[in-house]
Every structure is written in C-alpha cells, then in structure tokens.
Student: 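Can you read through this structure? Questions will come right after.
A, B, ... follow the sequence lines: proteins, then strands. Residue 1 opens every chain.
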Amino acid sequence: MMKDQKAFDPKSFEDKIFEKWTRQNAFSAKVNPNKKPYCIIMPPPNVTSAAHIGHAMDGTLQDILIRTKRMQGYETLWQPGTDHAAIATEYKLVEKLAKEGKTKESIGRERFEKEAWAWYDKYGDTIMSQFKKMGFSADYSRYKFTMDSTSTDAVLEAFIRLFNKGLVYRGKRMTNWCPNCGSAVSDEEVEYIEEKSHMWHIRYKFADNDGYIVVATTRPETLFGDVAVAVNPKDKRYKNLIGKYLIVPLVNRKIPIVADDYVDKDFGTGMVKITPAHDPNDLEVAKRHDLEIISVIDKFGVLTVQAGEFAGKKAIDMRDEIVEKLKGQKLIEKIEDYSHSVGHCYRCKQAIEPMITEQWFVKMSDLAKPAIECVKNGQLKIFAKKFEKNYLHWLENIQDWCISRQLWTGHRIPIYYCQSCGNIYTSKKPCNCPKCGSNNYVQDEDVLDTWFSSALWPFSTLGWPNDTPEMKYFYPTNVLVTGYDILLFWVTKMVYMGIECTGKVPFYNTILHGLVRDERGRKMSKSLGNGIDPLVVVNDYGADALRIALIKDMSLGMDSRFGETKLENARAFLNKLWNASKFVSLNADKFGYTELKPDQLNDIDKWILSKLNNLISNVTRNIDKYDIGVAISNIINFIWNDFCDWYIEFVKVDLKSDRATIVSSVLVNVLETVLKLLHPFAPFTTEFIYQEFCHEDLLMLADYPVFDNKLKYKKEELFIEKFIELIRNIRNYRNKIGIQQTEKIIITTSNQNFKLVEYLKKLTNAKDLIYEKNEKLEIISEIGMFGIKFEETKNEAKKKLYEEIEKVKHEISRSEGLLKNPGFIAKAPKTLVDAEKKKLEKNKELLNSMMGAKCE
RNA sequence: GGAAGUUUAGCUCAGCUGGGAGAGCGCUUGCCUUACAAGCAAGUGGUCAUAGGUUCGAGUCCUAUAACUUCCACCA
C-alpha cells in the first residue's frame, strides 16, 4: 500500500477508487426534500469524436463545484449527456459512407438513421468512459442524449407551442446555404475568413450604343444573374445614366441602371451589379426597384441553365473560365488584387452561398426581450462580467433564427402538409388532417437545427414538458459552465427558450472559461497536430495531475496554455502530498493519534491550525466566487510550504520527545482536513490516501471543512511567522558568508526568554545556542538578537553587514520622507501613519545595534 | 467599420475596494538532512507597454497612443 510505495503512482489506484465510488452509488442524485438541491447540467459534447482537452477542463471545473457542494451537504445532480450535432455528424457519416462507396441517397433515409444511431452510441459511450477516467462525478445513470425519447418529446412540445403562438413561420428568404452540406445554416454557423482574391472590373456595354460602363465585382461568375446595375443617386458622374439600359456580357440580357442609396460611390467604380438571387444586399435593392430574381447557382453550387454554356458545372470552378471568356471579348478593364472576408460553413469549411430558399424560422423579437431583461436585472449572472456586453449586444440585434436543415440527421420537423386541402399543421405524431380529416398528408422533409434541441437541454434532461419531481426540485439549475466561444451560439438560446418554455431562467449563474491552447499559445487543431488526448495524459501523469494542470493557472474568460511543464508540476505536487501523507501515516502508526486538546498545543501547533483555518475560509470563498485557479493555488501553497516545508520539519523535533502523540494527532488532523479541501480538485489521490487511514466512509461524501472561530490563533500565528523569518535570516546569513548548510554552527543570543531552542537548532543546523551578548555579528529579529560565532572574520561578513546597514538606512529615509510630507500626515489613514512611525523607530534602533556590531 | 480583452521577472501567470512589487518554471550556489532528488536550503532576476492626468500616495483610477488577441458587422 501507500507505505510500501516509494512514489506517487496514480495508475495503481485510480480505477479501484472509481469502482469503489460506483459500487456505493456515490454519484447518484435523488430528489431529497431534506437537502438543498444543487444542479449542473453538463454541456453535451458532440458525438462527432472523442472528448478533447477542452472537455477535460470544462468537466473539471464542473466536477470541482459539484464535489464541493456535495460535501457541503447539498443534494447534487450533475446531469451528463451528449449532443447529436446534426450537420457535423451527418458530414462525418457521409464521409464514412463515401469510403464504402455509398451515398446517403443510395441507402435511404431509414438505413441512414440506423447508421447514425450506431455512431451516436459508439461515441456517446466513448465520451462517457473518458469522463469516468477523469474522475467526473456525474450521475451516469441519468445519461441523456439530444436525440433520445425525452429530448424528442421536449423538442416536439417546444416546437408546437412556438408554432401555435405564431413564433414559428415558414418563409422564402435569403439564407446561408452550404452547397457541400446541402443545407441551410444559421447566421451563427457562418464563419468569415479573410481570403486573398481579386476584384474584376468588367465592362458592360450600353444597349443603344457602343459605349460601356465598368463595374467591379469579386464574383464574376454570378453575372448571369445580374438584373440591374446600381449607382448612388448623389453620384454626379452617373446621374445622366440612370434609366439607361446595359447588356449583360455573355448572355446579352438587357438590364437597367438604377439609383439606390445602398451604393457607396467611393468604392470600386461606384457601380454595382445587382444579383438578387445570390447576395442579401442586392436582394434588398431588387425589392425596392421591383426587379426580377434570377437564380444562377443551384443547391449543389452548380451553375443553372441561366449560365448558358457554363451550365452544369460548379460555379466556383468556372470563375477563371468565365473571366477568360470575358477577356477574349475585351470586356475586362482590369484585375486588382483584393482581400475580403468570405463566409464559410463552420463545420465543413466550404464557402457559403447566399441563396433564396424556403425555410422555417423562429421569430426572435419577443423571445429576446426577457432574455435581455434577466441579465440586466441580475437574475442571471455571467462570469466573467465582461461577457454580459457581448450577450446583450447580440440579443439586442438578433435576427430571426433559421431552424430548418436539409439533412437526415436530427429531429424531423413536426409539420404536415395535407395533400387534400392544403392545410399545414403540426402534431407530435403523424395524424390525419385536423381540418378536412384526410389521411393524405406528408411530413416536412427537413430536420431541426441541432441548437433547437440543445436550447432545451437544461430542462429536457430533467423531464420537461412533464412535471417531474426532478423539474420541481432541481430546476432552475444553479450554474452553467461552458466556453465563451459558445456564449452566443448556445447560452443565449437556452436562456430565451428556457424562459419561454418554463417561465424561468434555466440557470442562475453562467461561468465562461477560455480555450485551452498549446504550450506555445496556439489553438489546438488537427492540422497543426498539437491536440492533446486527455486519456494519454491520464495514462502518463494521472487524472488528478491533468485536472490540476488544467485549472491551476486558469482565470475566467481567459485562454490558458497547457503542456508538459504544468503537468510535471502538478504531478510533483501530488507526489509531495503522497510523501507527506506517508510521513504522517508512519508516525500515526508509531505514536497513535487522538482528538486535539487545546491545552496540549504549543505555538507551532496553533500556528499550523490557524493557517489551516484561514485556508478553509479562503478556499471556500474563492470557490464561491468561481476563482477556481486561486482556490487550488491556496491549497497547494498551504500543503507544500506551510505544512511540508515548515510544520513537518518542526515536528521532527517533537516526534523524538514526549509530545510525539500530540503532534502525531495534529499531523493527522491537518492532513485529513486538507485532503477534504483538495478532494474536489484531486479526487482520486485524496480518496486513496484517506482510505489508507482506515476510513470506512468515502472522502467524497465526507463533510466539507468549515471555518472554526475556536481555531483562530492570531497571536501565535504572527509569532511563528516571525520565528520563521528569523530562521530564514540565519540560513541566508550563513549561506552568504560561506558556511554551508550542513556545517554545524553555534548561535548566540541575548534573549534569555527564548523558548524555541530545539526547533531553531534543528532548522538552522546549529550545534548549540548559547546566551551571550555582543557578538561579532548580530541578526536582528523581533524575537531578539541572534548571532553566529565565527572562528575568523570573513570579508563576506563585512560586506553583508554593510549591505544590511544600507538597506535599513534606505528604509529610514523612506519613512522620514513620508512622515515629513504634510499631505500624508493629514490625509492618510491614522493607522497607516502610526504604523509608519513605529517602523521608523524600530529601524533606528536596529541601525544603532548594527553599527555597534563590530567586524574586525 | 464597431466592440471587448490583454500588455507585470527569461517563460507561464497572480496581484481583492489605490498605502512598501508576488508565485511556479528556468537559471546560479550548496545539499541524497531516515516522507519526498518528481526532493531540501539559499540566491539571481521587474523604470508593472508608452505618454499625460487625478491623488499626500498609482501596477491598481481617468485620458490618449502602440502592439497582440478575440467577438460582431461586412461595401460590390
């Protein structure tokens, strides 16, 4: 067991500990009216692939909160699940089928859906087993999936409610079309990428003479769809051209020159070709001028018959050929280099084609209002606060949400078209037309945007629309933890759908963390090959090291870097804890341990207990503020510095004395308390060590430590801090003058009342401490004057003393300057002025004694 | 074009409501001191991006500037 094991070896116990938790159902949540509920709904990872390091951080943060609250006596539910990610999954499935020489059409919708489910199950299982490896204490028995029956029921209910309220409508509008995915995508799913391209200046001849004008375009292949050329009405150059007609090159169609404010007369040539079928702005112009809409690119990105000889070929591939042809006809004025941003599908990275299609939309104006309000009035808080601006700005300017997707993966839209009477109706299950009773109906072919089901996730997982005990007890949930990158995609949707469907905000607090970048600060990506597999890390360093490395330097809303250095550091810390525990355990076996009795404690014991007590309040406060990185740093500093470097070193003295049982008891007490504080961060290691102390119960279900006023030993705490300073001074001093740490020295002091002799000797490696005044060198501390006996005076000693004197002199002049300043005396707080005066006095005394010390 | 964030030691980052610059890693020196060399002790290292301002006092508040990052919008 631990005592026989030289070093921390997480592989030897992690799986066993997890089994133990599982066997005791330690993760399971029940509706328990005797306890306060605390609930976190896990953001569902996409089933497109295994979990990555970002999920590891996201989950670690949630697990820390859940485990802390569980120990603090809340009934905690951490609700896990996964998301079907329609577009992304369909993309991967189609890719997979292509490798097998099939297409989705060739196997048909039914078989395709079967394939999809096999995929969902495979990755859902993979992700959950990864989460278990990382120690995430979610209630896996409640695993949900955005396509399972409960989620489907919620989706149908929500859709029908919105439809009946008139908040869902169908419209023929300009939408973002991904020719590669063969589907519309929402505004949020379009990613603008800066691309180097050209601006082609094309000549358009007049209909009635040989003259021409020049328009500039970045998309020459759309010219077949031109229905006008627009100029700004205020543009004097072209005023007399308005109303004249031009001929579209290559297709020889006659189009008018119109005037419209939309045109910027200073951009390009001040003339814009209007292609309403493939540009949202052009469409607006066309509407104003009652122009025809000519579609030249179809759903596959292929040119239509309108493109004449180019029809049937991919529009993007034909660009150069079209330009060549124009060149041949001397219709190209010039070609400029030009870089502009082009919309791309965020999944498949192909260029988006704006296209007029018929889609279903959710009307946003009414839904957005309460979602804005709840953040403004503080009902819903966003951490870090800076993101509230983004959130509000987004919702205040939101456009209607396109929710239909031309895919087979996802929830099929519950809309039916009666073939007999033309009625359009919605229903949870296929049913005869409610208007004419006909059974001749068809369901809409499209599926819903994945985010439609994700938007319902905080309550669909709890059983909504049914009035389940879970809904009553756990909803609204307490906190949502996710990356700031999906604040606008997802968080906003959950809020307005939550308020619309349940009348309540879905969660009170939102924590937004940053992205995990690689050690050099680069985004992790497949193309760079710098991605890190969490399971590989768990295998190499252990789950707890992974967790600590991920969150230690994290601050909310900021990207963080991650790599070997941090992992090694985290593992070193756990190894330190391991060895400290071994030390405590060995001594506990040898000397036993009891309840602490205050009258048996000396100043050093009180010091560590008081420090521990402070730690409890700091950690608790920081976790409540979601300063998770600060909280873990507090704990690490306490364990490594206060407990290991000082307290354990101090008590090595006591363990050889009749105080052995007393300090052994303090050691056990401090260790167990700190294990509890650390448990949410490093669950495996702490649980394992705790079990080594022969506990029947689980650490993860133990009571969380609370600040205890009785353990506040302010005086002793300060005194020992001074004592530690003294030891540091002596070590520093002897080091500077070249007496090695291993070499025994004799310390002298004039402080007859000094009681901590044995500790001082042990920690400075002194042979003896003798009472004697007027040493060659004096070390001043508030505890007294100490010196080191030398056989010879050394030059370094003189130098050192000189340096010290200079330092004190500097301090004196600083204090004097400050105290001479009338403004400071008048306006600074009294306590500060008094403290400064005291400091001055003390330093003057110190200087005197130093000047008195002689170096021969 | 609009907005937000960042800028502190060689590197990664802390620094709460303004009151003497911090940690870890790295580096230097000395140590296997019977829990731990994944360790111990000591040390080196910063005009807190720049310029102004408010204040008795500014890393901290205000105003500009610069660099980097991100989000939003997008003019053909």
Student: From the list rA4(B), rA38(B), rG19(B), which nucleotide is the closest neighbour of the side chain of Pro829(A)?
Tutor: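 Shortest atom-to-atom distance from the side chain points to rG19(B).
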Student: Please produce a list of atom pairs where a protein N or O lies less than 3.5 Å from an N or O of nucleotides 62-64 of chain B.
Tutor:
none

Student: Determine the Euclidean distance between corresponding C1' atoms of rC32(B) and rA23(B); express it in Å to zero decimal places.
Tutor: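 Nearest-Å result for rA23(B) against rC32(B) at atom C1': 27 Å.
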Student: Does a side-chain N-to-carboxylate-O contact under 4.0 Å join Lys11(A) and Asp9(A)?
Tutor: no
Student: Which pairs, with at least one residue in residues 273-283 of chain A and sequence neighbours excluded, count as a salt bridge (charged side-chain N to carboxylate O under 4.0 Å, His left out)?
Tutor: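 Sorted pair list: Asp226(A)-Lys273(A).
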Student: For the rings on Phe387(A) and Tyr484(A), is their centre-to-centre separation under 6.0 Å?
Tutor: yes
Student: Assuming nearest nucleotide by heavy-atom distance, tell me which of Ser815(A) and Lys582(A) is located more 5' along RNA chain B.
Tutor: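 Per heavy-atom nearest nucleotide, the more 5' residue is Ser815(A).
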Student: Under 3.5 Å, which N/O atoms of the protein pair with N/O atoms of nucleotides 26-29 of chain B?
Tutor:
none

Student: Measuring only the C1' atom in each nucleotide, how far is rU7(B) from rC48(B)? A whole number of Å is fine.
Tutor: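 Looking at atom C1' only, rU7(B) and rC48(B) are 10 Å apart.
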Student: Please report the distance, rounded to the nearest Å, between NZ in Lys6(A) and P in rC36(B).
Tutor: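 To the nearest whole Å, that distance equals 9 Å.
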Student: Taking only N and O in the side chain of Lys652(A), is any of them less than 4.0 Å away from OP1 or OP2 of rA35(B)?
Tutor: yes
Student: May I ask you to decide whether Glu564(A) forms a salt bridge with Arg571(A), counting only side-chain N to carboxylate O separations under 4.0 Å?
Tutor: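 A salt bridge is absent here (no side-chain N lies under 4.0 Å from a carboxylate O).
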Student: One thing to verify: whether Lys767(A) and Glu743(A) come together as a salt bridge, which I'm taking to mean a side-chain N less than 4.0 angstrom from a carboxylate O.
Tutor: no
Student: Choosing from rC36(B), rC25(B), rG19(B), which nucleotide comes nearest the side chain of Phe824(A)?
Tutor: rG19(B)
Student: Check the side chains of Glu336(A) and His201(A) for a donor-acceptor pair under 3.5 angstrom, ignoring hydrogens and angles.
Tutor: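 A donor-acceptor contact under 3.5 Å links the two side chains.
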Student: Using the P atom in both, what is the distance from rA49(B) to rG59(B), to the nearest Å?
Tutor: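 Pairwise P distance, rA49(B) against rG59(B), rounds to 10 Å.
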Student: Using whole Å, what does the distance between atom P of nucleotide rA4(B) and atom NZ of Lys385(A) come to?
Tutor: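 Rounded to whole Å, this separation is 15 Å.
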Student: If only side-chain N and O atoms count, and only distance matters, is there a donor-acceptor pair under 3.5 Å linking Asp260(A) with Asn232(A)?
Tutor: no
Student: Between CD1 of Ile628(A) and CZ of Phe681(A), what distance do you get to the nearest 0.5 Å?
Tutor: 5.5 Å
Student: Please pick, from rA42(B), rA35(B), rA38(B), the nucleotide with the shortest atom-to-atom distance to any side-chain atom of Arg731(A).
Tutor: rA42(B)
Student: With 3.5 Å as the limit, what N/O pairs link the protein to nucleotides 73-76 of chain B?
Tutor:
unit_1  : atom_1 : unit_2    : atom_2 : d
rC74(B) : N3     : Ser341(A) : OG     : 2.7
rC74(B) : N4     : Ser341(A) : OG     : 3.1
rC75(B) : OP1    : Asn281(A) : ND2    : 2.1
rC75(B) : O2     : Asp264(A) : OD2    : 3.2
rA76(B) : OP2    : Tyr338(A) : OH     : 2.8
rA76(B) : O3'    : Thr218(A) : OG1    : 3.4
rA76(B) : N6     : Asp264(A) : O      : 2.7
rA76(B) : N6     : Phe267(A) : O      : 2.5
rA76(B) : N1     : Asp264(A) : N      : 3.2

Student: Are the charged groups of Arg520(A) and Asp518(A) less than 4.0 angstrom apart, N to O?
Tutor: no
Student: Fit a plane to each ring of Phe643(A) and Phe638(A), take the angle between them on a 0 to 90° scale, and name the class: parallel (under 30°), tilted (30 to 60°) or perpendicular (over 60°).
Tutor: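 Judged by the thresholds at 30° and 60°, the geometry between Phe643(A) and Phe638(A) is parallel.
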Student: Between rG24(B) and rG43(B), how far apart are the P atoms? Round to whole Å, please.
Tutor: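 These two P atoms come out 12 Å apart once rounded.
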Student: Rounding to a whole Å, what distance do you find between Asn397(A):CG and rA3(B):C1'?
Tutor: 12 Å
Student: Tell me whether Glu188(A) is salt-bridged to Lys493(A), with the criterion being a basic N under 4.0 Å from an acidic carboxylate O.
Tutor: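 Counted as a salt bridge, because a side-chain N and a carboxylate O are separated by less than 4.0 Å.
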Student: Between Glu841(A) and Lys844(A), does any side-chain N to carboxylate O distance fall below 4.0 Å?
Tutor: no
Student: What interatomic distance, in whole Å, is found between C1' of rG30(B) and the corresponding atom of rA67(B)?
Tutor: 43 Å
Student: What's the CG-C1' distance between Asn729(A) and rA41(B), to the nearest Å?
Tutor: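 Spelled out: CG on Asn729(A) to C1' on rA41(B) is 14 Å.
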Student: Tabulate atom names and distances for all N/O pairs under 3.5 angstrom spanning the protein and nucleotides 9-14 of chain B.
Tutor:
unit_1  : atom_1 : unit_2    : atom_2 : d
rU12(B) : OP1    : Arg561(A) : NH1    : 3.0
rU12(B) : O2'    : Lys566(A) : NZ     : 3.4
rA14(B) : OP1    : Ser555(A) : OG     : 3.0

Student: Decide, yes or no, whether a salt bridge links Arg319(A) with Glu221(A) under the criterion of side-chain N to carboxylate O below 4.0 Å.
Tutor: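 So Arg319(A) pairs with Glu221(A) through a salt bridge.
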Student: Nearest whole angstrom, please: distance from the C1' of rC25(B) to the CD1 of Ile636(A).
Tutor: 13 Å
Student: If I take atom CG in residue Leu395(A) and atom P in nucleotide rC72(B), what distance separates them, rounded to the nearest angstrom?
Tutor: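 After rounding, the gap between these two atoms is 14 Å.
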Student: If I take atom CD1 in residue Ile648(A) and atom P in nucleotide rG39(B), what distance separates them, rounded to the nearest angstrom?
Tutor: 15 Å
Student: Taking the nucleotide of RNA chain B with the closest heavy atom to each, which residue, Asn390(A) or Ala7(A), is nearer the 5' end?
Tutor: Ala7(A)
Student: Could you tell me how far rG45(B) sits from rC36(B) if I compare only their C1' atoms? Round to whole Å.
Tutor: 28 Å
Student: Which string of ( ) [ ] | and . matches RNA chain B, if you list each base 5' to 3' and count Watson-Crick or G-U pairs only when both distances are under 3.5 Å?
Tutor: (((((((..((((.....[..)))).(((((.......))))).....(((((..]....))))))))))))....
Student: Do the charged groups of Glu725(A) and Arg728(A) touch, with an N to O distance under 4.0 Å?
Tutor: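 Salt bridge: yes.
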Student: Below the 4.0 Å mark, does rA41(B) have OP1 or OP2 next to a side-chain nitrogen or oxygen of Trp646(A)?
Tutor: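 No, outside the criterion.
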Student: How far does the C1' atom of rC74(B) sit from the matching atom of rA64(B), given to the nearest Å?
Tutor: 28 Å
Student: Under a 3.5 Å threshold, yes or no: a donor from one side chain and an acceptor from the other, between Ser813(A) and Glu816(A)?
Tutor: no
Student: Could you work out which one of rA35(B), rA41(B), rC31(B) sits closest to the side chain of Asp645(A)?
Tutor: rA41(B)
Student: Please determine whether a side-chain nitrogen of the Lys or Arg among Asp337(A) and Lys196(A) lies less than 4.0 Å from a carboxylate oxygen of the Asp or Glu.
Tutor: no
Student: Counting only side-chain N and O atoms of Lys389(A), is one of them less than 4.0 Å from OP1 or OP2 of rA4(B)?
Tutor: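 Result: yes.
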Student: Could you check, using the six-membered ring where one of them is a Trp, whether Trp578(A) and Phe688(A) have ring centers closer than 6.0 angstrom?
Tutor: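 Close enough - the centres of the two rings lie under 6.0 Å apart.
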Student: Any side-chain N or O of Arg734(A) under 4.0 Å from OP1/OP2 of rA42(B)?
Tutor: no
Student: Would a distance-only check, ignoring hydrogens and angles, find a side-chain to backbone donor-acceptor pair under 3.5 Å from Asn843(A) to Lys839(A)?
Tutor: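 Checked: pair present.
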Student: In terms of side-chain heavy atoms of Tyr484(A), which of rG19(B), rU70(B), rC36(B) is nearest?
Tutor: rU70(B)
Student: Of all the nucleotides listed (rC40(B), rC25(B), rC36(B)), which has the minimum atom distance to the side chain of Trp640(A)?
Tutor: rC40(B)
